[in-house]
Amino acid sequence: MANSYEEVISQIKDRLDIVDVVSRKVVLKKSGANYWGLCPFHNDKKPSLSVSPSKGIYKCFSCGAGGDALTFIVKTENKEFKEVIAELAEQFGIEMPKNYHSNPEAKTLKDDMKKACKEAAKFYQEKLKTDEDASKAMRYLTSRDINEDIIKTFSLGWAPNHYHDLYDNLKSKFSDDVLEKAGLILKSNKGGWIDRFRNRIIIPIQNENGEYVAFGARAVDEGQNPKYLNSSDSLIYNKSKLLYGLYTAKDTIQEEDAVIIMEGYFDVISTQAHGIKNCVASCGTAFTSEHVKLLSRYTKSRRIYLSFDTDSAGVKATNRGGEIIKETFKSLGNIKQFDESHLETSDDKYSCEIRVISPPEGKDPDEFIRSVGAEEYKKYIKNAPLLLDFQLNTILKQKHNMKTPQEKSHLVGEVLPILAEINNKVIQGEYVKIVSSTLDVSESILFKELKKFAVEDSIPVIPTVVQTNVTKSSQISINAQKNLLSVFLIDGNPFSLKQIGEMVPPDVFSDEKLIIVKTTIDKFLCIVNNVRELVEQLYTEFIEDEETSKIITDLIYLAEAYKGLPADSLEKTIQEIIKKIKQIKDAETAEEMKKLYNSVNDDDVEALKLQMQLRDKIKLRTGDNK
């Protein structure tokens, strides 16, 4: 148990990895020592957000947002600081101090919903073994080559064809409110409660941490609709951000640096059961950008295989999924558009690599593996074409359907947007030759049509210039004050924090925010031992003050300029900065005095006395004694 609330925060920060935290919300690409992505705090068009693993912070070089991992979580999840700390403490198994008082109701509801889903999963599993109608479920599962081991691995179950079986089993353990919010029961037209799932095979859905949060339910009777019934979104389940099978697939995805996206629950179950572990599926909803961001955390090279049905609907789903992936990753650079096994390339040269697994038999992955075998499916994985090649081949196969010039023109129209995406003009030219030969269209015509799809630079948005009263000299002074404050945050500083505190006088600061930061630093000098601890304390202190958090981030980056300076050079630099700030302050004061001097009424005796006093002060400050 932690001795204090502050110790809990410190332990949480020790366990948070800045890259892992930010990548939950932002697709990141490594560049040098840092990672880059689109800033989630403004309408970012180019990657402006930098994530530094060594510093443990993020900074947007466009809007200025910055902070540590905990700051990022608080800002992106729109939760109160204490709520985030309570959730993370529970996640990491950190026991709160005895004198800590949390809001038990909010925490308990989510916990109880998860517990209810877990108990429901156990209930359904038991009913698959014991219910009188479960035999038809077992016949269906057996027909799909799903044996007892697979049933156990994926916790498959059976919802009896009765209205209250699950409710009667759980009502003594959980409130009606919990069971309803967990999506396990529904309000009856007669006013009572009934089970949501009945007469269906149950497929429990786990989040990436292995917690049961929802269910998919498959019909078994002929004419029973809908074919699949899925849990609705809830406090613990968002189908647009969760992928079925990820909990059991994530380790293999990381090991193989690749993921296979499928359409249905049983595609994933069959494929994983046959030894191909790195496959996932959406949960009864369209594939989304949030799904892509989630997967990017587990595959460094962002190598994604699409394995949907091979019918026309499956091809459309493949194209739609490919577009979502490209749109999500486009800001990180070029998408891989041609194979280059003969060239030497870096692991992270491309923003992503999209391939399509498309066996010729016209079957979905589950059917193909059951009829032909997993080893044969692995061959198709190994030889899977890039999305661009799949799309072109799919269109060019339709050449036999061309009977009129209009149909040929239509087919060319489908090919052109794909060709226009190819960035390498040499490669594009080779593809134009293939299309020209296959569709019997001249290359010159294809190139002319391609010009219509040339990517035009968007009209730049001219930012509105906000007029401020900040003068050039005052801005220089603020910058100098920031540089002076940054010396507290130098990594490997030759002076102790207390020694720096003695060198930097408090009266040299004039900016209100910087005065607050300096005062806070002085407060922490007695309790921290190093720069890392000071940074942690500062981010925690100002976690709900966005402007000050930005300043702290700026100070950390400014401190880099002084890293490695010997003690005498650093001390001299500090003295020079202080001198510069005082010079600017004196010059500004003198300027103000001159303005006041010139504005005095010469006919007023008292005003004249003031004028003489001001003249003497101006001479004293400027050194003009003539």
Asks: The criterion is side-chain contact (heavy atoms from CB on, under 4.5 Å); which residues satisfy it with R297, sequence neighbours excluded?
Replies: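 If we apply the side-chain contact (heavy atoms from CB on, under 4.5 Å) test to R297, skipping adjacent residues, the hits are D20, S23, R24, E208, L294.
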Asks: Taking salt bridge (charged side-chain N to carboxylate O under 4.0 Å, His left out) as the test, write out the residues that go with K181, two or more places apart.
Replies: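 Here the qualifying residues are D177.
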Asks: Using 30° and 60° as the class limits, which term best fits the ring planes of Y167 and W193: parallel, tilted or perpendicular?
Replies: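 The arrangement is tilted - the two ring planes meet at 30° to 60°.
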Asks: Would you give the length of the straight line joining atom NZ of K114 to atom OH of Y212, rounded to the nearest 0.5 angstrom?
Replies: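 Going from NZ on K114 over to OH on Y212, the span is 14.0 Å.
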Asks: Going through the distances and angles, do Y539 and K13 end up as a side chain to side chain contact (heavy atoms under 4.5 Å, CB included)?
Replies: CA-CA 11 Å; Y539 275 130; K13 288 193 172 189; 3.8 Å; yes
Asks: In terms of ring plane angle, is the pair Y377 and F368 parallel, tilted or perpendicular, where the classes change at 30° and 60°?
Replies: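 Y377 vs F368 ring planes: tilted.
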Asks: Start with the C-alpha distance between N424 and Q337, add both sets of side-chain angles, then the distance that settles side-chain hydrogen bond (donor to acceptor under 3.5 Å, both in side chains), and finish with yes or no.
Replies: CA-CA 9 Å; N424 186 305; Q337 296 176 324; over 6 Å; no
Asks: Got C63 and C39 here, is their nearest side-chain heavy-atom distance under 4.5 Å?
Replies: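 Touching, per the 4.5 Å side-chain cut-off.
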Asks: Between the side chains of K378 and E375, is the shortest nitrogen-to-carboxylate-oxygen separation below 4.0 Å, so that they form an ion pair?
Replies: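 Counted as a salt bridge, because a side-chain N and a carboxylate O are separated by less than 4.0 Å.
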Asks: Which heavy atom of P365 sits nearest a heavy atom of D309, and at what distance?
Replies: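 Heavy atoms of P365 and D309 come nearest at CD-OD1, 4.3 Å.
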Asks: Surrounding NZ of K187 (heavy atoms of other residues, nucleotides or ligands, distance under 6.0 Å), is the total greater than 12?
Replies: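 Yes, because the 6.0 Å sphere around NZ of K187 holds more than 12 heavy atoms from other groups.
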Asks: Please, which pairs that meet ring pair (Phe, Tyr, Trp, His ring centres under 6.0 Å) have at least one residue in residues 274-300, sequence neighbours excluded?
Replies: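 Those involving residues 274-300 are F287-H291.
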Asks: Could you list the residues that satisfy side chain to side chain donor-acceptor pair (under 3.5 Å) with S48, not counting sequence neighbours?
Replies: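 For S48 the side chain to side chain donor-acceptor pair (under 3.5 Å) partners, ignoring immediate neighbours, are D44.
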Asks: Taking the six-membered ring of F41 as reference, does the cationic atom of K75 (NZ for Lys, CZ for Arg) lie under 6.0 Å from its centre and within 45° of its axis?
Replies: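 Verdict for F41: a cation-pi partner in K75.
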Asks: Might you point out which heavy atoms bring V356 and L387 nearest each other, and give the distance in Å?
Replies: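 Heavy atoms of V356 and L387 come nearest at CG2-CD1, 3.9 Å.
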Asks: What is the distance from atom CD of E421 to atom CG of N423, rounded to the nearest 0.5 Å?
Replies: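 Between E421 CD and N423 CG, I get 8.5 Å after rounding to 0.5 Å.
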Asks: Could you note down all residue pairs passing salt bridge (Lys or Arg N to Asp or Glu O under 4.0 Å) where residues 279-294 supplies at least one of them, sequence neighbours left out?
Replies: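 For residues 279-294, and leaving out neighbouring residues, the salt bridge (Lys or Arg N to Asp or Glu O under 4.0 Å) pairs sorted by first residue read E290-K293.
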Asks: Might you point out which heavy atoms bring A137 and I201 nearest each other, and give the distance in Å?
Replies: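 Of all heavy-atom pairs spanning A137 and I201, the closest is CB-CG1, 3.8 Å.
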Asks: Holding to salt bridge (charged side-chain N to carboxylate O under 4.0 Å, His left out), I want the full list of residues that pass it with K277, two or more places apart in sequence or in another chain.
Replies: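 Testing K277 for salt bridge (charged side-chain N to carboxylate O under 4.0 Å, His left out), a comparison that skips the adjacent residues, returns none.
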Asks: Could you go step by step and tell me if Y58 and T71 meet the side-chain hydrogen bond (donor to acceptor under 3.5 Å, both in side chains) rule?
Replies: CA-CA 9 Å; Y58 66 92; T71 310; 5.3 Å; no
Asks: What's the spacing between I324 CD1 and R320 CZ if we round to 0.5 Å?
Replies: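 Result: 7.0 Å between the selected atoms.
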Asks: May I ask you to check if K152 and F154 form a cation-pi contact, with NZ or CZ under 6.0 angstrom from the six-membered ring centre and within 45° of the axis?
Replies: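 No, K152 does not lie over the aromatic ring of F154.
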Asks: Taking side-chain contact (heavy atoms from CB on, under 4.5 Å) as the definition, give me every residue that meets it alongside A89, ordered by chain and number, with sequence neighbours left out.
Replies: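 By the side-chain contact (heavy atoms from CB on, under 4.5 Å) rule, A89 matches V8, I12, I94, M96.
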Asks: Using the salt bridge (Lys or Arg N to Asp or Glu O under 4.0 Å) rule, take R370 and E367 through it: C-alpha gap first, then chi angles, then the decisive distance, then the call.
Replies: CA-CA 5 Å; R370 283 189 285 115; E367 292 175 313; 5.1 Å; no
Asks: Using the salt bridge (Lys or Arg N to Asp or Glu O under 4.0 Å) rule, take D176 and K171 through it: C-alpha gap first, then chi angles, then the decisive distance, then the call.
Replies: CA-CA 7 Å; D176 293 346; K171 65 182 181 181; over 6 Å; no
Asks: Starting from the C-alpha separation in whole Å, work towards a yes-or-no answer on side chain to side chain contact (heavy atoms under 4.5 Å, CB included) for D195 and R198.
Replies: CA-CA 7 Å; D195 295 351; R198 302 182 302 278; 4.2 Å; yes
Asks: Let me see the working for E353 and S301 under side-chain hydrogen bond (donor to acceptor under 3.5 Å, both in side chains), right down to the final yes or no.
Replies: CA-CA 8 Å; E353 179 179 332; S301 65; 5.7 Å; no
Asks: Pair up each side-chain donor or acceptor in residues 219-227 with any protein partner under 3.5 Å, not counting sequence neighbours, and list the distances.
Replies:
unit_1 : atom_1 : unit_2 : atom_2 : d
D221   : OD1    : K136   : NZ     : 3.2
D221   : OD2    : K136   : NZ     : 3.2
D221   : OD2    : N199   : ND2    : 2.8
Q224   : OE1    : V220   : N      : 3.2
Q224   : OE1    : D221   : N      : 3.1
Q224   : NE2    : N199   : O      : 3.0
N225   : ND2    : G223   : O      : 3.4

Asks: At their closest point, which heavy atom of Y350 faces which heavy atom of I335, and how far apart are they?
Replies: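 Shortest heavy-atom separation between Y350 and I335 comes out as CD2-C, 4.1 Å.
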Asks: Holding to side-chain contact (heavy atoms from CB on, under 4.5 Å), I want the full list of residues that pass it with V21, two or more places apart in sequence or in another chain.
Replies: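 So V21 forms a side-chain contact (heavy atoms from CB on, under 4.5 Å) with L16, A69, F72, I73.
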Asks: Does S240 have any side chain to side chain donor-acceptor pair (under 3.5 Å) partners at least two apart in sequence or in another chain, and if so, which?
Replies: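 For S240, no residue satisfies side chain to side chain donor-acceptor pair (under 3.5 Å) once neighbours in sequence are set aside.
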Asks: Side chains of I357 and L306, heavy atoms from C-beta outward: is any pair under 4.5 Å?
Replies: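 Of all side-chain heavy-atom pairs linking L306 with I357, none is under 4.5 Å.
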Asks: Measuring from atom CD1 of I369 to atom CG of D267, what distance do you get when rounded to the nearest 0.5 angstrom?
Replies: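 These two atoms lie 8.0 Å from each other.
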Asks: Kindly say whether G216 contributes a backbone atom to a donor-acceptor pair with the side chain of R218 at under 3.5 angstrom?
Replies: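 Checked: no pair found.
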Asks: side-chain hydrogen bond (donor to acceptor under 3.5 Å, both in side chains) between N278 and T252: does it pass, once the steps are laid out?
Replies: CA-CA 5 Å; N278 59 327; T252 308; over 6 Å; no
Asks: When you measure from the side chain of D17 to the backbone N and O of V19, does any donor-acceptor pair fall under 3.5 Å?
Replies: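 Between the backbone of V19 and the side chain of D17 there is a qualifying donor-acceptor contact (under 3.5 Å).
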Asks: Distance-only criterion, 3.5 Å: show the donor-acceptor pairs between side-chain atoms of residues 116-128 and protein atoms not counting sequence neighbours.
Replies:
unit_1 : atom_1 : unit_2 : atom_2 : d
E119   : OE1    : K173   : NZ     : 3.4
Q125   : NE2    : A121   : O      : 3.1

Asks: Rounded to the nearest 0.5 Å, what separates atom CG in L242 from atom CD1 in I236?
Replies: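 With rounding to 0.5 Å, CG (L242) is 10.5 Å from CD1 (I236).
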Asks: Please step through side chain to side chain contact (heavy atoms under 4.5 Å, CB included) for the pair L49 and L38, ending with a clear verdict.
Replies: CA-CA 6 Å; L49 186 79; L38 294 178; over 6 Å; no
Asks: Apply ring pair (Phe, Tyr, Trp, His ring centres under 6.0 Å) to Y163 and list each qualifying residue two or more places apart in sequence or on a separate chain.
Replies: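 For Y163 there are no ring pair (Phe, Tyr, Trp, His ring centres under 6.0 Å) partners, ignoring immediate neighbours.
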Asks: Taking all non-hydrogen atoms of both residues into account, name the closest pair between D145 and I150 and its distance.
Replies: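 Answer, listing the atom of D145 first, then I150: O-CD1, 3.7 Å.
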Asks: For the OH atom on Y247, are there more than 12 heavy atoms of other groups (residues, nucleotides or ligands in this structure) within a distance under 6.0 Å?
Replies: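 Open: at most 12 neighbouring heavy atoms sit under 6.0 Å from OH of Y247.
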Asks: What distance separates R144 CZ from F266 CZ, expressed to the nearest 0.5 Å?
Replies: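 Taking CZ in R144 and CZ in F266, the distance rounds to 5.5 Å.
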Asks: List the steps, then state whether side chain to side chain contact (heavy atoms under 4.5 Å, CB included) holds for K336 with R355.
Replies: CA-CA 10 Å; K336 188 168 186 178; R355 295 185 178 273; 4.1 Å; yes
Asks: Can you give me the closest heavy-atom contact between S188 and I194, atom names plus distance?
Replies: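 What the structure gives for the nearest pair is CB-CG2, 3.9 Å.
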